[in-house]
Trainee: 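Have a look at this one before I ask anything.
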Amino acid sequence: MNELLTHKEYKAIAKTMDIPKTAFIDGKNRPGKGKKLKTRNPATGDLIATIASCNKQDVDLAVKKANEAFYQGIWAKKDPQDRKEILIKFCKLITRNRRELAVIESLESGKPIFDCEQIDLPETINTIKWHAESIDKIYDQAGPTNENALSLIVREPIGVVAAILPWNFPLLMLAWKIGPALASGCSIIVKPAEQTSISALKLANLASEAGIPNGVFQVLPGDGKSVGEPLALHEKVDMISFTGSTETGKKILKYSAQSNLKKVVLECGGKNPAIVFADAENLDTVAEHIVTGAFWNMGENCSAISRLIVNKKVKKQLLEKIRFRLRDWKTGDPLDPKNRLGALIDSDHCKKVKSYIDKKIPDGPFISPLIIEVLKKDKRAKDEIFGPILSVIEVNNDDEAIAIANETPYGLTASIFTSSSRKAIRTARELKAGTVTINCYGEGDITTPFGGYKQSGFGGRDNGLHAHEQYTETKTIWIDLNDPLEGDNIG
Ligand code: ADP
């Protein structure tokens with residue numbers, strides 16, 4: 001655990017820290033040709049900085065530079081051990097700057113500094129380091145041929161990747177993409193969410209300082225229309241790795257089909273269930289996991305528990321325990337380390353979340369955790385709200401619980417609470433979700449793949465060595481071992 005500073009100390013860092021304000025193209029800080037972006041603090045509405053934003057011309061330049069870097073092989077063909085060393089140096093620089101990065105993260109996204117310090121920064125560093133360390137430990141394959149041939153099945157970096165990112169975990173989602181992409185030897189262009197570009201710009205500068213060559217890691221701030229769309233439609237971008245809404249994910253698939261059939265990997269929305277069976281072991285522990293799963297990051301999390309499907313025999317007791325635990329989850333200024341919930345990202349999103357709440361909520365960007373009992377047909381049991389609202393659905397038996405859990409177009413994560421391991425495993429097999437946790441809430445860790453079934457995902461997985469598959473192509477090399485001097489061996 002990283003030691004936390006005081007509220008006053010965090011505010012002092014926020015006042016004095018250096019804020020990058022330009023796009024990062026071909027190893028240089030550039031003004032960008034788009035209309036400037038105003039980055040505001042979601043908690044106060046105050047302007048943090050006016051930063052560069054890019055347009056199609058900037059996209060064309062960045063894609064050209066990314067291709068040049070890739071085909072010159074300055075990164076892709078570097079000795080794997082050298083690439084590893086540079087990425088490890090990059091991690092050391094992030095570690096050295098972690099306090100400032102945590103403050104930037106908290107300021108622009110509204111996340112509690114507590115989480116930025118304890119989760120986002122450590123996980124960002126761990127992700128890049130894990131992928132860096134894998135670079136010189138991954139082997140290709142030789143196929144089972146007869147003695148007259150040798151077949152090699154090799155993986156090669158896919159080329160130029162564009163990563164389009166969300167605002168809810170600005171640094172961690174960046175790490176989930178750049179870690180395996182850079183480890184695989186790709187050039188990567190990052191388009192951060194328009195609300196949260198500063199941390200990405202800071203990281204690009206640190207990457208360059210660590211020795212990642214020009215054109216290999218570039219950051220283009222801007223909105224979906226002026227940067228995201230031209231990247232996804234670009235003929236010279238080989239792949240898009242996207243995290244965001246299902247709606248935008250579908251558009252990206254369309255852009256790929258309209259252009260060069262670039263590979264598309266999507267990590268989209270969720271409406272994730274936690275099923276609590278009547279035989280759940282320890283309701284205090286269950287309550288602890290549910291509170292974390294539902295309200296961590298203000299529920300602005302694609303894998304948040306947003307549906308509690310609970311057997312009526314334990315519902316009352318469990319809800320009491322959840323409510324009791326929530327007393328420790330204070331909402332307020334994200335830079336105060338005592339707060340576990342910060343501000344929602346912006347007023348549009350706040351309005352959307354509030355539209356799901358029947359009672360009057362005070363104006364402003366803060367919404368305290370809310371638990372509402374609903375019927376399974378209620379829109380709050382169906383829509384991805386992306387806010388601190390837990391919808392509780394009471395069920396009479398196990399089959400009903402599983403059916404409701406699967407009754408959604410999403411399939412990202414699910415949690416099961418039961419004392420029967422047989423039931424837990426059987427239910428895990430029944431649930432249509434990319435990650436199922438048993439007797440806990442979670443997403444696995446860096447070693448395990450993350451992504452969704454159904455409309456929660458498409459085309460691949462983040463994390464683990466599975467993530468490397470996103471950023472590589474498979475090539476077969478077939479070698480004839482017949483001796484040409486020994487007559488007719490063809491065929
Ligand atoms: P949210 O609704 O949570 O903001 P979005 O899916 O709209 O989620 O945004 C996720 C990312 O996708 C952001 O970086 C955003 O700028 C980008 N984006 C939005 N629309 C498009 C688009 N039409 N093409 C490419 N990227 C887009």
Side-chain angles (χ1 to χ4, degrees), residues 23 32 34-35 37-40 42 51-56 58-59 62-63 108-111 161-174 176-178 188-201 218-234 237 239-259 262-271 297-304 306 343-353 355-356 365 383-387 410 412 452 455-459 462:
K35 199 169 156 253
L37 280 178
K38 288 194 185 312
T39 304
R40 294 195 177 274
I51 61 168
S53 135
C54 298
N55 67 6
K56 184 164 180 313
D58 300 304
V59 168
V63 173
E108 59 178 349
S109 72
K111 268 169 185 293
V161 175
I164 300 182
L165 302 180
W167 44 258
N168 60 340
F169 290 90
L171 277 173
L172 190 54
M173 291 307 102
L174 177 78
W176 279 20
K177 313 291 185 196
I178 65 168
I188 185 162
I189 301 168
V190 171
K191 191 210 94 59
E194 39 278 48
Q195 298 92 333
T196 54
S197 306
I198 297 173
S199 55
L201 293 169
Q218 306 178 90
V219 177
L220 272 61
D223 61 23
K225 193 80 198 148
S226 48
V227 180
E229 193 177 315
L231 280 170
L233 279 168
H234 209 290
V237 170
M239 172 185 170
I240 299 274
S241 187
F242 167 83
T243 298
S245 64
T246 298
E247 195 189 341
T248 304
K250 287 182 181 179
K251 285 188 194 160
I252 287 178
L253 270 176
K254 216 160 68 183
Y255 301 146
S256 165
Q258 284 167 356
S259 53
K262 58 180 65 63
K263 184 172 174 180
V264 173
V265 176
L266 307 174
E267 202 267 274
C268 300
K271 187 70 187 172
N297 212 48
M298 294 76 72
E300 292 175 329
N301 177 11
C302 52
S303 63
S306 54
L344 265 64
I345 188 72
D346 57 28
S347 55
D348 283 351
H349 184 56
C350 224
K351 213 159 112 191
K352 180 195 144 187
V353 173
S355 75
Y356 287 96
D383 297 359
E384 188 187 35
I385 299 173
F386 228 64
Y410 298 111
L412 193 53
Q455 294 186 37
S456 285
F458 179 88
D462 287 318

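Each ligand, and each atom within it, is numbered from 1 in the order the structure gives.
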Trainee: Is the closest basic N to carboxylate O distance between Glu194 and Lys191 below 4.0 Å?
Mentor: yes

Trainee: With backbone taken as N, CA, C and O and side chain as the heavy atoms from C-beta onward, which portion of Glu194 lies under 4.0 Å from ligand 1: side chain, backbone, both, or neither?
Mentor: side chain

Trainee: In ligand 1, which numbered atoms sit nearer than 4.0 Å to a non-hydrogen atom of Trp167?
Mentor: 1 (P), 3 (O), 4 (O)

Trainee: Give the intermediate values and the outcome of side chain to side chain contact (heavy atoms under 4.5 Å, CB included) for residues Val63 and Leu231.
Mentor: CA-CA 8 Å; Val63 173; Leu231 280 170; 4.1 Å; yes

Trainee: Would a distance-only check, ignoring hydrogens and angles, find a side-chain to backbone donor-acceptor pair under 3.5 Å from Asn55 to Asp58?
Mentor: yes

Trainee: Grab the two heavy atoms, one from Phe386 and one from Val353, that are nearest each other, plus how far apart they are.
Mentor: O-CG2, 4.0 Å

Trainee: So for atom CD, which belongs to Gln258, do other residues, nucleotides or ligands contribute more than 12 heavy atoms lying within a distance under 6.0 Å?
Mentor: yes

Trainee: Would you verify that at least one protein heavy atom lies under 4.0 Å from atom 16 (O) of ligand 1, or report that none does?
Mentor: yes

Trainee: Which residue supplies the protein heavy atom nearest to atom 19 (C) of ligand 1, what is that atom called, and how far is it?
Mentor: Thr248 CG2, 3.7 Å

Trainee: Indicate yes or no: at least one non-hydrogen side-chain atom of Lys251 is less than 4.5 angstrom from one of Glu229.
Mentor: no

Trainee: Examine ligand 1 and decide if any of its atoms is less than 4.0 Å from a heavy atom belonging to Ala193.
Mentor: yes

Trainee: Quick one: look up the protein heavy atom nearest atom 6 (O) of ligand 1 and list residue, atom name and how far away it is.
Mentor: Ser245 OG, 2.7 Å

Trainee: Do any N/O atoms on Lys191 end up under 3.5 angstrom from N/O atoms on ligand 1?
Mentor: yes

Trainee: Tell me the protein heavy atom at minimum distance from atom 11 (C) of ligand 1, and give that distance in Å.
Mentor: Leu165 O, 3.4 Å

Trainee: For atom 26 (N) of ligand 1, what's the nearest protein heavy atom and its distance?
Mentor: Gly228 CA, 3.7 Å

Trainee: Which of the numbered atoms in ligand 1 are below 4.0 angstrom from a heavy atom of Gly224?
Mentor: 16 (O), 18 (N), 19 (C), 20 (N), 21 (C), 22 (C), 24 (N), 25 (C), 26 (N), 27 (C)

Trainee: Does at least one non-hydrogen atom of Tyr255 fall below 4.0 angstrom from an atom of ligand 1?
Mentor: yes

Trainee: Near Lys352 NZ, under 6.0 Å, is it more than 12 heavy atoms from other residues, nucleotides or ligands?
Mentor: yes

Trainee: For Phe458, does the six-membered ring have the charged nitrogen or CZ of Lys250 within the cation-pi criterion, i.e. under 6.0 angstrom from the centroid and within 45° of the normal?
Mentor: no

Trainee: Tell me yes or no: between the side chains of Ser226 and Lys35, is some donor less than 3.5 Å from an acceptor?
Mentor: no

Trainee: With atoms numbered from 1 as shown, which atoms in ligand 1 lie under 4.0 angstrom from a non-hydrogen atom of Glu229?
Mentor: 24 (N), 25 (C)

Trainee: With heavy atoms only and a cut-off of under 4.0 Å, state how Phe242 meets ligand 1: side chain, backbone, both or neither.
Mentor: side chain

